[in-house]
J.: 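Quick one: this structure, given as structure tokens, is what I'll be asking you about.
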Amino acid sequence: MFKKIAVASGKGGTGKTFVATNLAVSLSRQHIKTRLLDCDVEAPNSNLFIHAEWTNSEPVNILVPQVDQDKCNLCGNCHKVCEFNAIGVFGSSVLVFNELCHGCGGCRLACPENAIREVDYPTGVCHYGFAKDLNIVSGELNIGEAKAPPVIAAVKKHIAADEIAIIDAPPGTSCPVVETVRDVDYVILVTEPTPFGYNDLKLSVNLLRKLEKRFGVIINRSTLGDDRVEEFCLEHEIDILAKIPYSRTIAQAYATGKLVIEMDEFKNTFTDIYQAIETRI
């Protein structure tokens, strides 16, 4: 059974990409068909560690309204139906704000004059590539765009049924994270034993329980901070998959785009994490 595993975190900078990349490469080196999908589309950086060769790219578009001003009777129904204020009547014309549009098509349906049609609007791009036995897909939101979910959905369309999907999720607990984890089999939450890590872990746990997702926690830089994260996990019966200590060696590897599974000290760490997850899916 092939699985979809998302690697998420309540806040950025906890080591989410560090875990996702090392886990994906660790699996591929065991000749397990694996695909790494970078859904952190506002700051995709998985390939800084994979060093894949991109073989193709394609734009990600959403549908936005285009108004035929000659047909429009300025009734304003399009504005009334839009929850995002992406379209409105201003004087004798209708203006569309593409950056606010969610592409729902409601304005087109509400128009009594059939004056609105939908056209493609570029919001991001998907890159495809590979490095040895690992396939990688990376989404990238266009600069200035605010809607990450369409790009994330485009990346996830490339999940293959015969591969394990390791998905690098965006940080936080908002819509992009929900889009990323809503249909995965398991979520790895990466956190750190600091007050910020503790607070954001609680938010992430609350979200995943509402979504009824199975999940476990990796405590990164576990030798720093205090015990509140670990105590919270124990109190709420949350699996701690691994504790990765703070290490100058790890920090140096991360800063130079290297994977820690190259080191004897950590070469089995991510295999052990995957085996722990397998028993829980």
Side-chain angles (χ1 to χ4, degrees), residues 3-40 43-52 130-136 138 163-169 171 184 186-194 196-198 200-201 204 215-227 229-230 233 238-281:
K3 308 170 184 75
K4 293 177 281 188
I5 300 170
V7 183
S9 65
K11 75 179 191 67
T14 57
K16 174 176 56 62
T17 300
F18 160 73
V19 170
T21 51
N22 279 281
L23 178 59
V25 175
S26 179
L27 294 177
S28 71
R29 287 186 179 178
Q30 297 173 61
H31 305 294
I32 298 172
K33 294 183 71 174
T34 306
R35 182 168 300 216
L36 176 64
L37 300 109
D38 194 339
C39 287
D40 189 0
N45 57 9
S46 291
N47 202 40
L48 294 176
F49 306 93
I50 303 300
H51 309 295
F130 65 91
K132 295 184 180 178
D133 295 328
L134 178 68
N135 291 312
I136 178 170
S138 179
E163 296 175 334
I164 291 179
I166 303 298
I167 305 172
D168 190 357
V184 302
Y186 194 86
V187 180
I188 300 172
L189 281 177
V190 184
T191 188
E192 59 187 15
T194 64
F196 291 121
Y198 171 64
D200 293 336
L201 175 65
S204 294
F215 64 94
V217 167
I218 292 178
I219 304 177
N220 194 23
R221 307 183 192 102
S222 61
T223 49
L224 299 177
D226 54 42
D227 296 328
V229 165
E230 190 165 349
C233 292
I238 298 169
D239 291 332
I240 297 176
L241 301 168
K243 292 191 285 186
I244 300 174
Y246 171 76
S247 160
R248 185 178 180 84
T249 303
I250 292 178
Q252 287 176 329
Y254 193 85
T256 53
K258 296 177 181 176
L259 299 171
V260 298
I261 56 173
E262 309 289 354
M263 305 171 191
D264 289 342
E265 184 180 357
F266 299 105
K267 68 179 181 181
N268 295 323
T269 299
F270 293 89
T271 302
D272 293 344
I273 289 171
Y274 179 69
Q275 289 174 347
I277 293 171
E278 267 196 312
T279 65
R280 292 162 171 82
I281 297 180

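What you see is a predicted model, and the numbers here were worked out from it, not measured in a lab.
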J.: Given the rule in the side chain to side chain contact (heavy atoms under 4.5 Å, CB included) test, do I5 and I167 qualify, once you have shown the distances and angles that lead to the verdict?
T.: CA-CA 6 Å; I5 300 170; I167 305 172; over 6 Å; no
J.: Are side-chain heavy atoms of I166 and L37 found at a separation under 4.5 Å?
T.: no
J.: Let me confirm one number: the NZ-CG distance from K267 to L259, rounded to the nearest 0.5 Å.
T.: 15.5 Å
J.: Identify the heavy atoms of S9 and V190 that sit nearest to each other, and give their distance.
T.: CB-O, 3.3 Å
J.: Hey, does the side chain of H51 reach the backbone of L48 with a donor-acceptor pair shorter than 3.5 angstrom?
T.: yes
J.: Looking only at heavy atoms, what is the nearest atom pair of I250 and P245, with distance?
T.: CD1-O, 3.9 Å
J.: Contact between K243 and E230 at the side-chain level, heavy atoms closer than 4.5 Å - yes or no?
T.: yes
J.: Yes or no on side chain to side chain contact (heavy atoms under 4.5 Å, CB included) for L224 and E192, after CA distance, side-chain angles and deciding distance?
T.: CA-CA 8 Å; L224 299 177; E192 59 187 15; over 6 Å; no
J.: Side chain of Y186, backbone of G216: donor and acceptor closer than 3.5 Å?
T.: yes
J.: Can you confirm whether more than 12 heavy atoms, excluding those of F266, are under 6.0 Å from its CZ atom?
T.: yes
J.: What are the two closest non-hydrogen atoms of P44 and D38, and how far apart are they?
T.: CA-OD2, 3.4 Å
J.: How many angstroms lie between atom CG of N22 and atom NZ of K258, to the nearest 0.5 angstrom?
T.: 13.5 Å
J.: So do P193 and D227 actually touch side chain to side chain, heavy atoms under 4.5 Å?
T.: no
J.: Quick one, I136 and R35 - any side-chain contact, counting heavy atoms below 4.5 Å?
T.: no
J.: Charged N to carboxylate O below 4.0 Å: is that the case for R29 and E262?
T.: yes
J.: Between A276 and T279, which heavy-atom pair has the shortest distance, and what is it?
T.: O-OG1, 2.7 Å
J.: For S138 and N47: C-alpha separation, side-chain torsions, deciding distance, then whether side chain to side chain donor-acceptor pair (under 3.5 Å) applies.
T.: CA-CA 8 Å; S138 179; N47 202 40; over 6 Å; no
J.: Between atom CZ of F215 and atom CD1 of I238, what is the distance when rounded to the nearest 0.5 Å?
T.: 4.5 Å
J.: Among T271, T21, T34, T269, which one satisfies side-chain hydrogen bond (donor to acceptor under 3.5 Å, both in side chains) with S26?
T.: T271
J.: Check the pair R221, I244 against side chain to side chain contact (heavy atoms under 4.5 Å, CB included), reporting the backbone distance first and the verdict last.
T.: CA-CA 6 Å; R221 307 183 192 102; I244 300 174; over 6 Å; no
J.: For V260 and A253, which heavy atoms make the closest approach, and how far apart are they?
T.: CG1-CB, 4.2 Å
J.: Determine whether more than 12 heavy atoms belonging to other residues, nucleotides or ligands lie under 6.0 Å from atom CD of Q30.
T.: yes
J.: Pick from L189, V19, I218, V217: which one makes a side-chain contact (heavy atoms from CB on, under 4.5 Å) with L241?
T.: I218
J.: With a 3.5 Å cut-off and no angle check, do the side chains of S46 and D168 form a donor-acceptor pair?
T.: yes
J.: Taking K33 first and then D133, would you say they form a salt bridge - that is, a charged N and a carboxylate O separated by under 4.0 Å?
T.: no
J.: Is any side-chain heavy atom of K3 closer than 4.5 Å to one of Y274?
T.: yes
J.: State, yes or no, whether a side-chain contact exists between L23 and I188 at a heavy-atom distance under 4.5 Å.
T.: yes
J.: Check whether any side-chain N or O of N220 sits under 3.5 Å from a backbone N or O of T14 as a donor-acceptor pair, and report yes or no.
T.: yes
J.: How close do P171 and G12 get, counting heavy atoms only, and between which atoms?
T.: CB-N, 3.6 Å
J.: Using ring-ring contact (aromatic ring centres under 6.0 Å, His included) as the criterion, list what pairs up with F270, not counting sequence neighbours.
T.: F18
J.: Any heavy-atom pair between the side chains of T191 and D200 that's under 4.5 Å?
T.: no
J.: Taking the side chain as C-beta and beyond, is there a heavy-atom pair between E163 and I32 under 4.5 Å?
T.: no
